[in-house]
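Here's the structure, in structure tokens; my notes come after.
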Number of protein chains: 2
Amino acid sequence: MTTAMQLTNVLKTLADPTRQAVFERIIREGEVAATGLVQGSKVSQPAVSQHLRALRDAGLVAERREGRHIHYRVAPKGLSPLIDWLGHYQTFWAERFANLERLLKESE
Amino acid sequence: MTTAMQLTNVLKTLADPTRQAVFERIIREGEVAATGLVQGSKVSQPAVSQHLRALRDAGLVAERREGRHIHYRVAPKGLSPLIDWLGHYQTFWAERFANLERLLKESE
DNA sequence: TAATCGTATAAGCAATTGCTTATACATTAG
DNA sequence: CTAATGTATAAGCAATTGCTTATACGATTA
């Protein structure tokens, strides 16, 4: 069961473009160390670190320490509050996503 | 085609709990005047009005004037940036939503 | 051990946000 | 026309946010 606060938290976390970009890079690169994310980022290392903390607190990424590197990867279940919420109101955007309800029930 | 800015805008708009509550009330009540939304809201009429403006600017609701009332209703396509984005990265949360890709393709 | 590398935290600051009260605008009723 | 109702905008303010620089911590290497 997912609370309203969790949904708000996920939305807030993804609502920042820089943080969203970090999240998408983690998605694409599979598992990546913080250093790798700083490389090619417009912002400083502390900024990236703060974004990673926010993503972790929201349950959107998980980390694995390996020596002095910390590798980040996506935690797909972190998106559950968002998906569940979309599913809950699916009848209202049914014209576009007619089968969402069935889909969500099947995947439980 | 939906831009990154549109996605960020939708996320930001839904990320505020008060505004999200207004949006959900519009969903549930179908079509409702601003007055109705102020009733039972924790915040003032101007606050509600500002949230309605934000929702409209994000493309999440549409309005219909009737006399001095303005009725708001959900604009389901406003959620497209969000749904499209989830669909684009579906392989990464496929364990939970295995059929999302097929679904999204069918619904086009 | 000392130096270095990878990462996180602290402190401070400008920008943004969400609210308030006060006021303006738009439409209808008397 | 005047008053009242529904809604929006203006101005101001406290709280939050995202960034920076500086520093600390943790792990490896020389």
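Atoms considered below: every heavy atom in the structure, side chains included; atoms not considered: hydrogens, waters and symmetry mates. Below, chains carry the letters A, B, ... as their sequence lines are ordered, and counting in each starts from 1. Small disclaimer: the values here were computed from a predicted structure and weren't measured.
Of the residues in residues 52-71 of chain B, those lying under 4.0 Å from DNA chain C by heavy-atom distance are B:Arg65, B:Gly67, B:Arg68.
For A:Arg25, the side chain to side chain donor-acceptor pair (under 3.5 Å) criterion is met by A:Glu29, not counting sequence neighbours.
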Which pairs would a plain distance check flag for residues 55-65 of chain B, meaning a side-chain donor or acceptor within less than 3.5 Å of a matching protein atom at least two apart in sequence or in another chain?
| from | atom 1 | to | atom 2 | distance (Å) |
| --- | --- | --- | --- | --- |
| B:Arg56 | NE | B:Glu63 | OE1 | 2.8 |
| B:Asp57 | OD2 | B:Arg53 | NH1 | 3.1 |
| B:Glu63 | OE1 | B:Tyr72 | OH | 3.3 |
| B:Arg64 | NE | B:Glu31 | OE2 | 3.0 |
| B:Arg64 | NH1 | B:Glu66 | OE1 | 2.6 |
| B:Arg64 | NH2 | B:Glu31 | OE1 | 2.8 |
| B:Arg64 | NH2 | B:Glu66 | OE1 | 3.4 |
| B:Arg65 | NE | B:Gly67 | O | 3.3 |

Give the table of side-chain donor-acceptor pairs shorter than 3.5 Å for residues 40-52 of chain A, with sequence neighbours excluded, one pair per line with atom names and distance.
| from | atom 1 | to | atom 2 | distance (Å) |
| --- | --- | --- | --- | --- |
| A:Ser41 | OG | A:Val43 | N | 3.2 |
| A:Ser44 | OG | A:Ala47 | N | 3.4 |
| A:His51 | ND1 | A:Arg19 | NH1 | 3.2 |

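Rounded to whole Å, atom C1' of D:dG18 lies 15 Å from atom CD of A:Gln20.
Residue B:Tyr72 has no polar side-chain atom (N or O) positioned under 4.0 Å from OP1 or OP2 of D:dG6.
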Worked verdict on A:Phe23 versus A:Arg28 for side chain to side chain contact (heavy atoms under 4.5 Å, CB included):
CA-CA 9 Å; A:Phe23 183 60; A:Arg28 286 195 303 273; over 6 Å; no
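The line from CG of B:Leu79 to CG of B:Leu14 is 6.5 Å long, rounded to the nearest 0.5 Å. We find the CG-CG distance between B:Leu82 and A:Leu86 to be 5.0 Å, quoted to the nearest 0.5 Å. In this structure, the separation between CD1 on A:Ile26 and NE2 on A:His71 is 12.5 Å, given to the nearest 0.5 Å.
Screening residues 1-11 of chain A for side chain to side chain donor-acceptor pair (under 3.5 Å) gives A:Thr8-B:Gln20 as the qualifying pairs, with residues at least two apart or on separate chains.
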Does the protein touch nucleotides 19-24 of chain C at the base, only the backbone, or not at all? Give it as B, S and - per nucleotide, heavy atoms under 4.0 Å.
BBBB--
